[in-house]
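Step one of this worksheet: look at the structure below.
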Amino acid sequence: MKNGRVIVLLGPPGAGKGTAAARVAGRLGYEHVSSGDMLRSAARAGTGAGLRARRLMNRGRLVPDELVGAIIREYLEKFPGDGVVLDGFPRTEAQAEMLDRMRGAGIASLAGVFLLKVPEEVLVERLSGRRVCKQCGAVFHVCALPPREPGKCDACGGDLIRRADDEPATVRERLEVYRRQTAPLIDGYRTSGRLWEVKADDPPERVVERITNRLGRAGNRE
Ligand code: ADP
Ligand code: AMP
């Protein structure tokens, strides 16, 4: 990608980043790029790095910056399209600096950073009811966004499973890791004038509309 537009979705686990990212990307003709999905597929491929990543993910910890940063950079460098919606990256100050360097190197331009805001009790409820397709990764919720046929993916018919890291003790750890390592990014993006806060405890269509309306008004900022 040469100076392609990057839209970053920021927010705690369960805020709806993946759900909104897929829809925003679909609307704009961009690609939904999820660092979590990329790491899960590396883990399934059984590479050394993938298996090390899986151990950390299952404990609710972050995977090392260098590993995630290299995966994202390589992907964006090769990506042929106009823009991406980044879901789950950056997650630390070091990763935000890596993204800055990708901007400096002419790989990406930052169209905006959207912070999805959801009360903590809703996060916990969302993660406990989350189900994902084993085959294509599509995301559902047993109550709020149920599949047409229980346990089966609407998109590909694959089996829906619960993520290993959505178990309550791991969710608590992930929320704590978010507070400690990711929330500090908010101030930096706010100060640079690139951050927009989005109320995200509403149906996905509303959340997506808030993001795309804001992008439409802002135009291309870089
Ligand atoms: P994140 O990527 O931020 O961890 P997900 O997009 O995977 O979050 O969403 C977490 C859970 O909440 C999923 O079960 C998803 O179906 C559900 N969900 C996401 N967005 C909404 C929404 N706007 N309203 C209701 N449920 C939602
Ligand atoms: P997610 O699918 O975004 O909920 O991410 C699931 C898990 O993957 C996280 O809890 C981390 O262990 C790991 N992960 C995803 N993105 C990153 C990242 N940018 N940096 C470090 N670890 C990540």
Side-chain angles (χ1 to χ4, degrees), residues 6-28 30-40 57 60 62 68 72 83-92 95 110-134 136-148 153-155 160-168 170-179 181-183 185-186 189-190 194-216:
V6 172
I7 298 161
V8 172
L9 299 193
L10 208 60
K17 299 181 296 297
T19 302
R23 289 161 167 80
V24 170
R27 242 202 232 185
L28 301 176
Y30 288 2
E31 190 76 11
H32 169 201
V33 176
S34 154
S35 48
D37 283 351
M38 287 172 160
L39 291 166
R40 281 184 288 275
M57 291 164 82
L62 295 185
V68 188
I72 294 286
V84 298
V85 184
L86 266 187
D87 148 26
F89 183 94
R91 242 177 169 104
T92 62
Q95 293 177 20
L110 193 59
V113 179
F114 292 88
L115 174 63
L116 303 192
K117 300 201 73 169
V118 173
E120 178 145 339
E121 63 276 12
V122 178
L123 297 176
V124 173
E125 205 279 314
R126 281 187 180 179
L127 293 173
S128 68
R130 172 158 65 184
R131 298 292 181 273
V132 298
C133 176
K134 216 172 141 181
C136 74
V139 179
F140 300 86
H141 187 278
V142 285
C143 309
L145 297 166
R148 282 192 296 272
C153 176
D154 287 355
L160 300 185
I161 56 165
R162 191 165 182 192
R163 268 171 51 175
D165 58 350
D166 280 346
E167 182 244 322
T170 318
V171 165
R172 278 196 296 279
E173 174 65 17
R174 286 163 65 209
L175 290 171
E176 185 50 38
V177 164
Y178 172 80
R179 274 191 283 272
Q181 294 184 267
T182 308
L185 298 187
I186 296 169
Y189 283 123
R190 188 180 285 126
R194 295 170 190 285
L195 187 86
W196 289 304
E197 299 195 10
V198 176
K199 177 170 151 22
D201 56 339
D202 284 309
E205 308 76 59
R206 296 285 304 280
V207 178
V208 168
E209 213 172 83
R210 286 176 186 140
I211 296 172
T212 51
N213 283 348
R214 174 50 83 181
L215 280 168

d(R214 CZ, I211 CD1) to nearest 0.5 Å is 11.5 Å
Taken in chain and number order and not counting sequence neighbours, the residues that satisfy side-chain hydrogen bond (donor to acceptor under 3.5 Å, both in side chains) with D201 are K199
Can you confirm whether the side chains of T170 and E167 place a donor and an acceptor under 3.5 Å from each other? yes
To the nearest 0.5 Å, what is the distance between CG on L86 and CZ on R91? 11.5 Å
One should read off an interatomic distance between R190 CZ and L115 CG, to the nearest 0.5 angstrom, of 7.5 Å
Working to the nearest 0.5 angstrom, can you tell me the gap between L195 CG and F114 CZ? 9.0 Å
At their closest point, which heavy atom of D165 faces which heavy atom of M57, and how far apart are they? CB-O, 3.6 Å
Could you go through the side-chain contact (heavy atoms from CB on, under 4.5 Å) check for V132 and I161 one step at a time? CA-CA 5 Å; V132 298; I161 56 165; 3.9 Å; yes
Which atom of A20 lies closest to which atom of V207, heavy atoms considered: CB-CG1, 4.3 Å
Got H141 and R131 here, is their nearest side-chain heavy-atom distance under 4.5 Å? no
Search all heavy atoms of S34 against all heavy atoms of R40 and return the closest pair with its distance. OG-NH2, 4.4 Å
Minimum heavy-atom distance L123-P12, with the two atoms named: CD1-CG, 3.6 Å
Side-chain contact test, heavy atoms from C-beta onward, threshold under 4.5 Å: evaluate it for T92 versus L185 and give yes or no. no
Could you go step by step and tell me if L62 and V68 meet the side-chain contact (heavy atoms from CB on, under 4.5 Å) rule? CA-CA 9 Å; L62 295 185; V68 188; over 6 Å; no
In this structure, OH of Y30 is separated from CD1 of I7 (nearest 0.5 Å) by 5.5 Å
Whether E120 and R179 form a salt bridge (side-chain N of Lys/Arg under 4.0 Å from carboxylate O of Asp/Glu) is what I want to check. yes
Does a side-chain N-to-carboxylate-O contact under 4.0 Å join R174 and D166? yes
The reported gap from CG in L116 to CH2 in W196 (rounded to nearest 0.5 angstrom) is 13.5 Å
Quick one: does F140's side chain get under 4.5 Å of R130's, heavy atoms only? no
Minimum heavy-atom distance Y189-L10, with the two atoms named: CD1-CD2, 4.4 Å
Can you find a heavy atom in the side chain of C136 that is under 4.5 Å from one in the side chain of C153? yes
Do the side chains of K17 and D87 get close enough for a salt bridge, i.e. N-O under 4.0 angstrom? no
If you apply the rule side-chain contact (heavy atoms from CB on, under 4.5 Å), what do you find for L145 with T19, and how did you get there? CA-CA 10 Å; L145 297 166; T19 302; 4.3 Å; yes
Does a side-chain heavy-atom distance below 4.5 Å link L127 with R163? no
Side-chain contact, heavy-atom cut-off 4.5 Å: S35 with I72? yes
Side-chain contact, heavy-atom cut-off 4.5 Å: R23 with H32? no
Taking all atoms of both residues into account, what is the closest heavy-atom pair of P13 and Y178, and its distance? CD-CB, 4.0 Å
